[in-house]
Structures are given as C-alpha cells and as structure tokens.
Number of protein chains: 2
Amino acid sequence: MPRLTKPMLFASPEECEQAFYEALESADLDALADLWLHDDEVCCTHPGAARLVGFPSVRASWASILAGGPLPIRTLARHVFESPTLTVTSLIEEIVVQQGSVRQLVHVLASNAYLKTPAGWKMVMHFGTAAPQGQVVEASQSQGTVH
Amino acid sequence: MPRLTKPMLFASPEECEQAFYEALESADLDALADLWLHDDEVCCTHPGAARLVGFPSVRASWASILAGGPLPIRTLARHVFESPTLTVTSLIEEIVVQQGSVRQLVHVLASNAYLKTPAGWKMVMHFGTAAPQGQVVEASQSQGTVH
C-alpha cells in the first residue's frame, strides 16, 4: 500500500537524529528509509558487523533489524561537531532488552553523520559498536557542541 | 627537550588524516597531539574500549598505545562526507601485527572527523572497532566522496 504521508524534510540535523531514533522506536522502516540519503556512499556499521556501503544495503539491514520489532533507544552523553552543511554526533545508545522477565540494559557507542541536501538534512552515516561492559562513563555529562 | 619543528598547519582534511596515520607509523606522539584539536569535546574510541572525551584523555590513550611502538596502518575503502569546515571519513584500517615469526593482518572499521580551525584542519573524532573476522568487504572498492 502506498504511504499517504509526505516525505519528511528536516530543518536541522537534530530533527533528523530525533526522527531516526523515533523510527527505530516505532519500527517504522519507511520513515527510517526516508531520512537516509539515497546514495551509494552512505555507510552503516551495526555492532559486531561488517560495514555496509550504499543505501540499498543499509536499508536492507534496518529491515532485518526492525523485523524483530521496535527498538527503543535512549541517547546519552551526546557530543556534536557542526558545520552549516554537515554534522557529526557521538553518543551512547542505551537499549532496554527484555528477555522474558529479565530486563537488561545494553549500551552501544555510536556516531551519526548528517548532510544538508535540497531535501533537508539526511543521514549519511551510522556507526555503532558494543560498549565494553561496565565502562559506560560520563553518561551524566552535559551535552556539548564544537563548531 | 623542546621540539624544534613548528606546529603543523593542514590545508585540508586529507593532509590532516595523512599526518594522523604517519604519526602512528612513526610513533610520534608530539605530531599526533599537534593534529588533534585541543578541546574538551573531542572524542576517541579505540576498539573494545570505552569512549574517551576531551583532549587530555585522548592524548593519554595514544601515549599508552604508542609506548608499544610504531603502528603502521594501511587505509582501505575510504568514503568521505565533506563540507567546507567539517569532514568525516569512514574507512577500513589494515594493521600488520607481528608476533614472533607470525604475521597477522588485523582490520579495524574506523571513522574520523576533522574540523577547520584558524590553525588549519584538526582531528576532532576517531572511532575504531574491530572488524568481524573474514568479513572485510569492499576493500578493493573505489574511493568515494559525498558533498
């Protein structure tokens, strides 16, 4: 069924990043695909996996992940490197994994990059790696920006 | 002994990235420290380790690594996201590890970010994670740029 909503147009990298985590939380693959730049150069590395390059591979990987259901993520200790047309963030993703009655917190160290295009800000890179256990530091640190 | 050379001033992120890998190959901590932005917001994640934030922590980590000697790295499959004042690269680092007579190739998936400052381009982020064994793909792929 065709989507009835318009493609999203993000006025800032913050909006695009927020939409990224909202799409994961609602397991909305269409929204997720919309916010990535549809380009052969985009890069995505999931924890423990090989790097994927190009939108079709990146989309397929998220389709596979979201087939497992919503992925609610809390972001912590975000640092930002900014320019008028490219932004990079470094943050810690806190993911609640529920297995039966056991609830576990998993932390992923992540970096995202966003590019300003005529269609608004788009995601061009996501890079995640499992944080070493018990070493999630500076989670309470204030957010910072370098630009 | 004070250094007799002038601080480096890089005219492009490519020059800064080249100097980064040259400093690792020559185990030159002073050169490495010079090319990072001396700022509380810079981020560095070594494979398997917690994220480090702020120049003093980042410098200390490289001091510890380079105390083990030179770190020659060949970079492969580099992808670049560019803007006039910020650049992000995604690449595969190939490191030759020699243990006695055994020579092993180790691959690290990495992302680097560079910011243009009045003192030239400076490194503001390095993020590395061990590549999954046997899954170093697209190493022969051509280099690409999105901007």
Side-chain angles (χ1 to χ4, degrees), chain A residues 37 39-54 57 77-92 107-117 122-139 141-147, chain B residues 37 39-54 57 77-92 107-117 122-139 141-147:
Chain A
L37 187 65
D39 189 279
D40 290 344
E41 294 293 327
V42 299
C43 298
C44 186
T45 303
H46 299 292
R51 183 181 65 167
L52 304 169
V53 177
S57 303
R78 186 173 178 267
H79 293 263
V80 184
F81 306 103
E82 288 183 328
S83 80
T85 55
L86 180 67
T87 284
V88 189
T89 63
S90 170
L91 46 83
I92 298 171
H107 291 101
V108 169
L109 306 178
S111 180
N112 301 319
Y114 306 91
L115 193 69
K116 191 178 185 183
T117 78
K122 295 285 185 181
M123 194 164 209
V124 291
M125 188 186 83
H126 172 72
F127 188 178
T129 185
Q133 273 204 319
Q135 286 192 54
V136 176
V137 290
E138 33 112 37
Q141 194 173 304
S142 64
Q143 299 190 351
T145 301
V146 170
H147 58 102
Chain B
L37 187 65
D39 190 280
D40 290 344
E41 295 292 329
V42 298
C43 298
C44 186
T45 303
H46 299 291
R51 183 181 64 168
L52 304 169
V53 177
S57 302
R78 185 173 179 267
H79 292 264
V80 184
F81 305 104
E82 288 183 329
S83 79
T85 55
L86 179 68
T87 285
V88 189
T89 63
S90 171
L91 47 84
I92 298 172
H107 291 100
V108 168
L109 307 177
S111 180
N112 301 319
Y114 306 92
L115 194 68
K116 191 178 185 182
T117 78
K122 294 286 186 181
M123 195 165 209
V124 291
M125 188 186 82
H126 172 73
F127 188 178
T129 183
Q133 272 203 318
Q135 285 191 55
V136 175
V137 291
E138 32 114 35
Q141 193 174 304
S142 64
Q143 298 192 351
T145 301
V146 169
H147 57 101

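Naming convention: chains lettered A, B, ... in sequence-line order (proteins, then strands); numbering from 1 in each chain.
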At what distance, to the nearest 0.5 angstrom, does CG of B/D39 lie from CZ of A/F81? 7.5 Å
Checking B/T45 against chain A: side chain, backbone, both or neither under 4.5 Å from a heavy atom? side chain
Rounded distance (nearest 0.5 Å) linking atom CZ of A/R51 with atom OG1 of B/T129: 13.0 Å
With A/T85, which residues qualify under side-chain hydrogen bond (donor to acceptor under 3.5 Å, both in side chains), at least two apart? none
Do you know which two heavy atoms are closest between A/L86 and B/S83, and how far apart they sit? CB-CB, 3.7 Å
Option passing side chain to side chain contact (heavy atoms under 4.5 Å, CB included) with B/H79 (candidates A/D40, A/V124, A/V53): A/V53
dist B/S90:OG -> A/M125:CE (nearest 0.5 Å) comes out at 6.5 Å
Interface residue of largest heavy-atom contact number with chain A, from B/P47, B/A130, B/S111, B/A113, under 4.5 Å: B/S111
Region of B/T117 that comes under 4.5 Å of a non-hydrogen atom in chain A: neither
Going by ring-ring contact (aromatic ring centres under 6.0 Å, His included), name the residues that satisfy it together with A/H126, two or more places apart in sequence or in a different chain. A/F20, A/W62
